[in-house]
Amino acid sequence: MSAVRAPARAGTHDGRQELLLSPTDYEAAARARLDRSVWDYIAGGSGDEVTLREDRAAYRRYRLRPRTLVDVSHCRPGTTLLGARVELPVGIAPMAYHGLVHADGETATVRAAGAAGALTVTSTFAGTTLEETARAATGPLWLQLYVMRDREITRSLVRRAEAAGYRALVITVDTPRMARRERDLRNGFGLPAHIRPVNLDGGHRAGLHPGRSGSSALAEHAAQHHDAAFTWEDLAWVRSLTGLPLVLKGVLTEEDAGRAAGLGVEGLIVSTHGGRQLDGVVPALEALPEVVAAVRGRCEVLVDGGVRRGTDVLKALALGARAVLVGRPVLWGLAVDGQAGVERVLATLRAELEEAMALTGRPRLDTVTRELLHPPADLAHHPAADHGPHAAADHGHHAVAGLDGRPAADLAGHPTAADLAYPTDDDRDMA
Ligand SMILES: Cc1cc2nc3c(=O)[nH]c(=O)nc-3n(C[C@H](O)[C@H](O)[C@H](O)COP(=O)(O)O)c2cc1C
Ligand SMILES: CC(C)CC(=O)C(=O)O
């Protein structure tokens with residue numbers, strides 16, 4: 001499956017039909033279809049939305065170093081995530097209430113992921129029960145958890161996730177409270193009556209609906225129910241509840257990454273929550289190398305935020321991610337055409353990734369390593385080991401970065417470990 005079949009079309013204001021070729025085409029088409037307040041909830045970030053923009057801009061700062069005369073007649077983007085086979089290193093990020101954009105909601109999304117052989121991470125705040133989602137799934141499924149003050153909720157969600165066949169629990173650690181998202185505050189955002197957090201009990205279904213200008217019902221619910229006192233010590237309690245692998249989502253520093261790996265957490269998702277939590281943090285792609293270096297191969301590292309192209313996926317993998325998650329593009333596909341729209345967004349990312357692998361001379365993911373990237377001109381250089389997840393076969397090839405910061409090439413086409421560099425300069429080319 002390398003070609004995207006039958007691209008969809010969307011009507012334009014003057015009645016023409018335009019081809020939807022890229023995730024960004026879906027963005028425009030979705031925007032035209034959604035209510036303003038729903039669009040704002042999905043598209044928006046916190047504060048000045050600096051991190052929202054920078055998550056995206058970070059990808060543009062890296063340029064690719066293609067290798068030629070490599071046999072790329074078969075490019076295979078398959079890998080494993082916590083032991084489960086996936087056909088591409090792109091999974092679906094946990095997002096609340098898919099029913100806001102399409103009546104088929106999470107069921108359509110998880111079916112599309114299954115068709116693509118991709119991972120789905122289902123949100124605590126899904127509008128479809130985690131059991132229904134599991135029944136519709138044919139690919140691997142992880143459940144995202146917000147730890148609530150009422151610990152019974154977590155205990156029960158964990159039990160249900162195990163029974164329904166989820167393969168990992170993703171604990172989101174960047175949201176002890178919801179950040180101020182001014183678009184939602186202005187719109188007085190709340191859920192329409194037919195959308196509810198059905199994984200929680202009835203008591204949680206009430207307060208999410210009303211909306212008055214100046215307040216976000218979702219933020220108020222989070223303030224009331226998320227456990228802002230949840231700490232590293234409490235993680236041991238979650239561990240005691242289950243044998244499922246634990247993944248922490250929202251880690252951005254080597255300190256937290258090292259601590260998590262030391263505690264035996266199986267996975268980390270480097271994330272700014274799509275620019276929706278603390279505004280002004282380092283973009284996820286920039287935090288990735290320090291997290292990868294800190295875990296020293298002890299757990300799998302994923303990244304999300306701003307992935308919109310196949311070349312973005314390749315860049316994240318080159319910086320040490322095992323896979324990426326995509327958020328908003330999935331909701332754009334869903335809004336435009338339900339399951340088929342999500343399938344096409346994923347198929348497009350896959351086709352672009354395969355193309356990028358072919359054109360950079362990297363036919364398998366284990367050949368995607370740091371020397372695929374030119375360090376952006378404004379980067380400082382930090383010596384760090386390459387613990388890239390797909391680089392297992394590469395230990396032993398130790399290339400030293402040249403004086404100009406470019407790694408020494410291995411002319412046999414084998415990847416080599418090279419110095420990691422990460423940006424320290426705030427002055428990035430904003431999209
Ligand atoms: C509408 C929306 C709802 C989200 N809901 C959740 C959630 O329930 N749990 C969570 O951990 N992250 C949530 N996120 C964050 C995503 O998991 C992810 O980190 C982010 O969207 C990635 O950035 P991208 O949208 O640029 O791909 C949400 C994001 C959006 C856009
Ligand atoms: C209901 C919210 C807490 C979901 C979320 O994480 C988000 O909107 O970013």
Kindly give the heavy-atom pair with the smallest separation between Lys315 and Arg60, and that separation in Å.
NZ-CA, 4.5 Å
Minimal heavy-atom distance between Glu106 and Gly127, with the atoms involved, is OE2-N, 3.0 Å
Working for side-chain contact (heavy atoms from CB on, under 4.5 Å), residues Leu208 and Leu218:
CA-CA 6 Å; Leu208 285 157; Leu218 269 51; 3.7 Å; yes
Nearest heavy-atom approach of Ala116 to Glu87 is O-CB, 3.5 Å
Any side-chain to backbone donor/acceptor pair from Arg33 onto Val336? Under 3.5 Å, distance only.
yes
Working for side chain to side chain donor-acceptor pair (under 3.5 Å), residues Ser46 and Asp279:
CA-CA 6 Å; Ser46 52; Asp279 196 30; 4.7 Å; no
Is there a side-chain contact between Val324 and Asp304, using heavy atoms and a 4.5 Å cut-off?
no
Has Arg298 got a side-chain atom pairing as donor or acceptor with Arg296's backbone, closer than 3.5 angstrom?
no
Report yes if some heavy atom in the side chain of Ile171 is under 4.5 Å from a heavy atom in the side chain of Tyr146; otherwise report no.
no
Smallest heavy-atom separation, Val307 atom then Pro329 atom, equals O-CG, 3.9 Å
Short N-O contact, Arg160 and Glu131, less than 4.0 angstrom
yes
Using 0.5 Å steps for rounding, measure from the CG atom of Leu373 to the CZ atom of Arg63.
12.0 Å
Taking the side chain as every heavy atom from C-beta outward, state whether Val251 and Val301 have any atom pair closer than 4.5 Å.
no
Under the 3.5 angstrom rule, does the side chain of Arg309 hit a backbone N or O of Pro23 as a donor-acceptor pair?
no
Closer than 3.5 angstrom, by distance alone: can the side chain of Arg350 be matched with the main-chain N or O of Leu88 as a donor-acceptor pair?
no
Heavy-atom donor-acceptor pair, Glu290 side chain to Glu254 backbone, under 3.5 Å
yes
Ignoring hydrogens and geometry beyond distance, is a side-chain donor-acceptor pair present between Gln277 and Arg181 at under 3.5 Å?
yes
Would Gln224 and Glu220 count as having a side-chain donor-acceptor pair, cut-off 3.5 Å?
no
If we only count heavy atoms from C-beta on, is the Val198 to Phe125 side-chain gap below 4.5 Å?
no
Atom pair CZ/CD1 of Arg31 and Ile42 - distance to nearest 0.5 Å:
12.0 Å
Quick one: pull up CG in Leu359 and CG in Leu64 and give me the separation to the nearest 0.5 Å.
10.0 Å
Show the numbers, then the answer: is there a side-chain contact (heavy atoms from CB on, under 4.5 Å) between Met148 and His226?
CA-CA 4 Å; Met148 306 285 184; His226 288 207; 3.9 Å; yes
By the side-chain hydrogen bond (donor to acceptor under 3.5 Å, both in side chains) test, which pairs, at least two apart or in different chains, include something from residues 162-172?
Gln144-Thr172, Glu162-Thr242
Measuring from Asp40:CG to Leu185:CG, what's the distance to the nearest 0.5 Å?
11.5 Å
Residue pairs meeting salt bridge (charged side-chain N to carboxylate O under 4.0 Å, His left out), one or both in residues 223-243, sequence neighbours left out, come to Arg151-Asp227, Arg151-Asp234, Glu233-Arg259, Arg239-Glu266
Cationic tip of Arg328 above Tyr26 ring, under 6.0 Å, 45° of axis
no
Would you say Thr107 and Thr133 make side-chain contact, with heavy atoms under 4.5 Å?
no
Contact check, side chains of Ser271 and Val303, non-hydrogen atoms, under 4.5 Å
no
Other residues, nucleotides, ligands: >12 heavy atoms within 6.0 Å of Arg177 CZ
no
Within the distance-only criterion (no hydrogens, no angle test), does the side chain of Glu54 pair as donor or acceptor with the backbone N or O of Val50 below 3.5 angstrom?
no
Give me the atom names and distance for the closest heavy-atom approach of Leu141 to Val110.
CD2-CG2, 3.9 Å
Can you tell me if Arg65 uses its side chain to pair, donor with acceptor, with the backbone of Glu371 under 3.5 Å?
yes
Is Glu354 salt-bridged to Arg76, cutoff N-O under 4.0 Å?
no
Is there a side-chain contact between Asp150 and His225 in this structure, where contact means two heavy atoms from C-beta onward sitting under 4.5 Å apart?
no
Spatial distance of atom NZ (Lys249) from atom CG (Leu268) [nearest 0.5 Å]
12.5 Å
When rounded to the nearest 0.5 angstrom, what distance separates CG in Asp55 from OG1 in Thr272?
3.5 Å
Determine, stepwise, if the pair Arg322 / Thr79 fulfils side-chain contact (heavy atoms from CB on, under 4.5 Å).
CA-CA 8 Å; Arg322 188 166 188 91; Thr79 186; 3.5 Å; yes
Please test Asp104 against Arg111 for salt bridge (charged side-chain N to carboxylate O under 4.0 Å, His left out), starting from the C-alpha separation and ending with a verdict.
CA-CA 10 Å; Asp104 296 343; Arg111 286 203 174 115; over 6 Å; no
Here the pair of heavy atoms bringing Pro192 nearest to Leu100 is CD-CD2, 3.6 Å
Considering only heavy atoms from C-beta outward, does the side chain of Pro140 approach that of Thr120 to under 4.5 Å?
no
Donor on one side chain, acceptor on other, Glu27 and Thr24, under 3.5 Å
no
Apply side chain to side chain donor-acceptor pair (under 3.5 Å) to Arg180 and Ser216, showing your working.
CA-CA 9 Å; Arg180 283 169 64 83; Ser216 151; over 6 Å; no
Start with the C-alpha distance between Glu132 and Thr129, add both sets of side-chain angles, then the distance that settles side chain to side chain donor-acceptor pair (under 3.5 Å), and finish with yes or no.
CA-CA 5 Å; Glu132 269 177 87; Thr129 64; 3.3 Å; yes
Using side-chain contact (heavy atoms from CB on, under 4.5 Å), reason through Leu244 and Trp142 one step at a time and then give a plain yes or no.
CA-CA 10 Å; Leu244 285 175; Trp142 299 353; over 6 Å; no
